[in-house]
Amino acid sequence: MEKQPMYYGTYLGLDKVLDAQHPVSFQPGNEPAHDEMLFIIIHQAYELWFKQILFELDYVTGVFSKEKINDNSEDMNLVRHRLHRIIHILQLLNKQVEVLDTMTPLDFLEFRNLLTPSSGFQSKQFRLIEARLGLELDNRHHKDYYKRTNEGGFTKNDYQHITETEEQPHLLTLVNHWLERIPFFREDFWQGYVSKTANGKHHPFWNDYRAVYAAGLTEREKNKIHEFDWVFFEDNAAGFTEEQLASLKTSFSPTALRSALFIMLYRDFPLFQTSYQVLDALIEIDHLMSNWRHKHLIMVRRMIGMRVGTGNTSGAGYLEGALNKHYVYRDLSGLSTYLIERKKLPALPEALIRNLGFQL
């Protein structure tokens, strides 16, 4: 049988894709609602892009799952590239809300009740993205609401898939392990380093850095030095209440946060440039996910006010709670709290500098 030449529509499966829109209001007995077609296409486009994000996260997670990552290989450069692609996709999804906003509240009311009890809450792929990035169940807004298969919840198969994903190591955990393995505080790298701080409790570099950081704090900020001690070394817990300690709880270990801060401080060295861009990309992804939630919140308030969501959530109230709580990489973005001026950075020893540049 002669093989047929590849055809555009066949390659893209357009027969299936373009025949996948079935507005409920168009069915016999209902009054057709023009904007339901837009509503369906917008959300189908979201799901296609969610699929691509998960595909990119598969690669990134695979690299960070390795026991050792070779910075001289293509691995980290491709991780950076994949994460930047996710950033561009999320930027597009944020813009896509503007298209949905061309639908008015009255346009939505023409078909809204026909959607019950389905809801955007039931997007399995979005839950998988959050879980793969590192949003754990205990950190979710109204966490009990996520584990249900009754009306408005997930199907049993989707519930099982989400649960299995949540039980696997997520990207935050893998990045934490990677940061903990960074070897640049080995003793042989710091030969010849002369500390300016006497009687320090930690590595000479961090003793010096802490002193510079403390000296740069204003009178109103002076308590930040105690936060510094706790976040990076878990020191001086006695100075905090239980509530304050809870607010300082981090998803990353002190060792990992020290490595991340060190990368941010000395990112101009060639060996740290890619690592810094990876950390910065994770922060940007977190911000764009938050922006998307905020745009969704504003849209829902505009469309239904404070009415209950179609999936029996509290609607805008639930979205507002998720917006405030569902950050994943807040600890990395919060490291800017502990930066000092570049001109005041401790000078690194030559033995370490040789390992942070390209040897030509």
Side-chain angles (χ1 to χ4, degrees), residues 64 67-71 76 172-217 221-240 245 248-280 282-283 329-359:
F64 278 112
E67 292 186 8
K68 182 178 181 180
I69 302 174
N70 184 358
D71 283 326
M76 287 301 288
L172 187 151
T173 295
L174 297 174
V175 170
N176 183 81
H177 293 337
W178 166 67
L179 287 170
E180 288 179 334
R181 296 196 305 266
I182 289 179
F184 293 109
F185 283 93
R186 280 179 12 199
E187 184 177 345
D188 55 317
F189 288 151
W190 292 86
Q191 294 177 3
Y193 182 79
V194 179
S195 177
K196 299 179 180 179
T197 306
N199 302 320
K201 297 171 60 178
H202 306 292
H203 186 282
F205 169 85
W206 290 115
N207 293 333
D208 289 350
Y209 188 88
R210 181 187 184 279
V212 175
Y213 177 71
L217 295 173
E221 296 175 325
K222 61 182 181 181
N223 286 333
K224 289 294 180 185
I225 192 60
H226 303 304
E227 293 183 13
F228 179 96
D229 291 338
W230 178 252
V231 169
F232 293 106
F233 299 100
E234 294 186 343
D235 281 348
N236 297 332
F240 296 104
L245 283 176
L248 292 173
K249 182 181 178 181
T250 62
S251 299
F252 289 86
S253 70
T255 301
L257 289 176
R258 291 198 301 271
S259 292
L261 180 59
F262 193 71
I263 289 170
M264 291 180 179
L265 292 169
Y266 295 97
R267 61 184 181 270
D268 292 332
F269 282 98
L271 195 60
F272 279 165
Q273 289 176 8
T274 299
S275 298
Y276 168 72
Q277 290 179 44
V278 166
L279 296 178
D280 194 55
L282 293 173
I283 294 171
Y329 294 97
R330 191 193 299 266
D331 296 336
L332 292 182
S333 60
L335 289 176
S336 58
T337 305
Y338 308 106
L339 296 177
I340 64 174
E341 296 176 67
R342 183 183 275 110
K343 65 182 179 182
K344 295 181 180 179
L345 285 174
L348 301 180
E350 286 298 321
L352 178 56
I353 290 175
R354 285 195 298 270
N355 285 276
L356 294 178
F358 297 128
Q359 306 302 312

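The analysis underlying the following values was restricted to heavy atoms, covering all of them including side chains, and did not include hydrogens, waters or symmetry mates. This is a predicted model, so every value here is computed, not measured.
If you run ring-ring contact (aromatic ring centres under 6.0 Å, His included) between Y213 and each of W206, F228, F232, only F228 comes through.
Ring geometry for H203 against F185 counts as perpendicular: the plane angle is over 60°, on a 0 to 90° scale with 30° as the lower cut.
Between I69 and R181, the closest side-chain pair of non-hydrogen atoms falls below 4.5 Å. Looking at I263 and L179, their side chains come closer than 4.5 Å, going by heavy atoms from C-beta outward. Counting only heavy atoms from C-beta outward, the side chains of M76 and W178 approach each other to under 4.5 Å. With contacts defined as side-chain heavy-atom distances shorter than 4.5 Å, the pair L352/Y193 does not qualify. Using a 4.5 Å cut-off on side-chain heavy atoms (C-beta onward), F252 and Y329 make contact.
Ring centers of F184 and F272: under 6.0 Å apart, within the cut-off.
Taking CG of L245 as the reference point, atom CD of E227 lies at 10.5 Å (rounded to 0.5 Å). For the atom pair NE2 of H177 and CD1 of I182, the computed distance is 14.0 Å after rounding to the nearest 0.5 Å. Within the model, atoms OG1 of T250 and CG of D331 stand 5.0 Å from one another, a figure rounded to the nearest 0.5 Å. Here OG1 of T255 is found 9.0 Å from CZ of F233. Values are rounded to the nearest 0.5 Å. For the atom pair NE2 of H202 and CZ of R210, the computed distance is 7.5 Å after rounding to the nearest 0.5 Å. Expressed to the nearest 0.5 Å, how far CZ of R330 lies from CD1 of I283 amounts to 12.5 Å.
Minimum interatomic distance between V278 and F64 (heavy atoms only, all atoms of both residues): CG1-CZ, 4.0 Å. Heavy atoms only, all atoms of each residue included: R186 and D188 are closest at NH2-OD2, 2.7 Å. Among all heavy-atom pairs drawn from L335 and A260, the shortest one is CD1-CB, 3.6 Å. Taking each heavy atom of Q273 and D268 in turn, the nearest pair found is NE2-O, 3.3 Å. Residues M264 and L332 approach most closely at CE-O, 3.7 Å, considering heavy atoms.
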Kindly list each side-chain donor-acceptor pair under 3.5 angstrom involving residues 336-351, sequence neighbours excluded, with atom names and distances?
| from | atom 1 | to | atom 2 | distance (Å) |
| --- | --- | --- | --- | --- |
| S336 | OG | S333 | O | 3.1 |
| T337 | OG1 | G334 | O | 2.9 |
| E341 | OE2 | K344 | NZ | 3.2 |

